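First comes the structure, then the notes that go with it.
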Amino acid sequence: MNSPEPFIIAGESIAPGTLRDVAFPITTMATGTASSLAVRVLHGAKPGPAVFVSAAIHGDEIIGTAVIQRLARTLDPAVLAGTVMLVPVANIFGFITHSRYLPDRRDLNRSFPGSAGGSLAGQLAHVFYREVVARCQLGIDIHSAAIHRYNLPQIRIAAGNRKLVELAMAFGAPVIIESPLRDGSLRDLAQKHGVDMLLMEAGEALRFDRLSIETGVEGVERVLAHLGMIEADDGLSAVGIPARANRSVWVRSPRGGVVQMVRESGDPVRKGDVLACVSGLFGEEPQEMISPLDGIIIGHATLPVVHQGDALFHIAAIDHPERVGAQIDTITEAILASEPQGNAERLLDEDEVV
Ligand SMILES: [Zn+2]
């Protein structure tokens, strides 16, 4: 097999079979400190596609940072076919302030394509897109739920794209959600330029949890193996077929007060099932929250103190929820058992719902 060319980035030449950390200057902060976007490039000894894995495009959604740290330990450019670019923290500003947003209160994931002379968010989006996304054929962008919320590990893909369904199935997260893309998002821009994207949602903002991290690490490795970039490792657990949905609903608290949750993420529910009970400060006037449909809970609030109207459950519409729920249990057990190392509506982002 032909040896690939060196990978040229940030004025540096990365030889096949080696890795390099590069930093793209973004701006100077109010204090005058320079800030830059950190990218690790693993340039494989053999030719192959280029794939990026990014985390914390919302600065407080740090699950992917843990996933990328694990990948950085395990991926070896000497045996890699193609190139992997790791971006452990895309929103470098929100990351240090534990915030979803940037200091200019913009959402990086609504700021693409951005421009060199634009806002802080626009400049960061511009550099991230030009230097990372545009060089790749596939991206895996890792998010989590908002603060005080948990998401069952899931892959979200653009609706109606068979190649993405195939890659999402290879990833092996318990649930796949297909939904239209939103303007200004990274996935929207990437799709327009022919870069395939998987978006992983898992876990809670500002927290690490094992299921989310293991799902992410194994999922990325499975996708790389599916593309022939790494060997299909025996260490990867065999997982079942993920559940698929293209519609989801949020269920909101009927009153303010204190919640006792009856169900949680991963649970199958039938229309009419009790999800939780919300009562007053003395436990008075309890009101039950009822599932409005058959499905699987893919996200839930973790904070029991609620206002009327707070979104407490996110349910994906799925037929035969018990059977699918059992499948999901099998998948999550398989992931945790491994050694630690169309009519679709556009899916709302957490900050638009909470
Ligand atoms: Zn996010």
Side-chain angles (χ1 to χ4, degrees), residues 37 52-68 86-114 120-122 124-125 128-129 132-133 139-158 164 168 171 173 175-191 195 197-209 211-213 215-216 219-220 248 250 265 298-303 311 314 316 345-354:
L37 179 68
F52 74 89
V53 186
S54 56
I57 201 166
H58 294 133
D60 59 350
E61 300 178 5
I62 58 175
I63 286 283
T65 310
V67 170
I68 287 172
L86 300 175
V87 184
V89 179
N91 179 355
I92 49 180
F93 306 104
F95 184 73
I96 55 175
T97 54
H98 313 160
S99 163
R100 174 187 179 91
Y101 302 102
L102 283 99
D104 60 7
R105 296 188 233 178
R106 286 187 170 86
D107 185 328
L108 181 57
N109 207 26
R110 302 284 179 277
S111 303
F112 289 92
L120 185 54
L124 180 52
F128 179 46
Y129 186 80
V132 179
V133 182
I140 302 173
D141 188 34
I142 306 176
H143 292 244
S144 74
I147 192 165
H148 302 315
R149 317 187 61 78
Y150 173 85
N151 277 341
L152 183 73
Q154 58 198 261
I155 290 288
R156 296 181 182 177
I157 53 174
L164 286 182
F171 193 100
V175 178
I176 298 169
I177 312 268
E178 294 174 67
S179 72
L181 301 178
R182 52 189 45 249
D183 290 344
S185 71
L186 173 56
R187 283 197 295 157
D188 179 49
L189 179 68
Q191 174 164 281
V195 182
M197 285 218 46
L198 301 177
L199 184 144
M200 182 194 182
E201 280 280 354
E204 187 174 347
L206 301 176
R207 296 282 182 273
F208 287 164
D209 71 278
L211 177 64
S212 299
I213 295 168
T215 304
V220 172
S248 66
W250 289 88
S265 293
I298 57 169
H300 68 270
T302 57
L303 184 67
H314 190 193
E345 295 157 44
R346 183 179 283 159
L347 205 57
L348 293 174
D349 231 338
E350 310 274 325
D351 70 322
E352 296 167 307
V353 174
V354 177

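Order of listing sets the numbers, starting from 1, for every ligand and every atom in it. Position 1 is the first residue of the sequence; numbering continues from there. Note that the structure is a prediction, hence the values are computed from the model and not measured.
- Under the side-chain contact (heavy atoms from CB on, under 4.5 Å) test applied with L198, the options L164, D141, I142 reduce to a single match, L164.
- The atom of H143 nearest to the Zn ion (ligand 1) is ND1, with the search restricted to N, O or S atoms.
- Summary: ND1 is the N/O/S atom of H58 found nearest to the Zn ion (ligand 1).
- Partner L108 forms a side-chain contact (heavy atoms from CB on, under 4.5 Å) with one of I92, L124, L186 and no other, that one being L124.
- Taking 2.8 Å as the threshold, E61 counts as a candidate ligand of the Zn ion (ligand 1), since one of its N, O or S atoms lies below it.
- Residues S54 and V132 form no side-chain contact, since every pair of their non-hydrogen atoms from C-beta on lies 4.5 Å or further apart.
- Only one option out of H300, Q154, R149 pairs with S265 in a side chain to side chain donor-acceptor pair (under 3.5 Å); it is H300.
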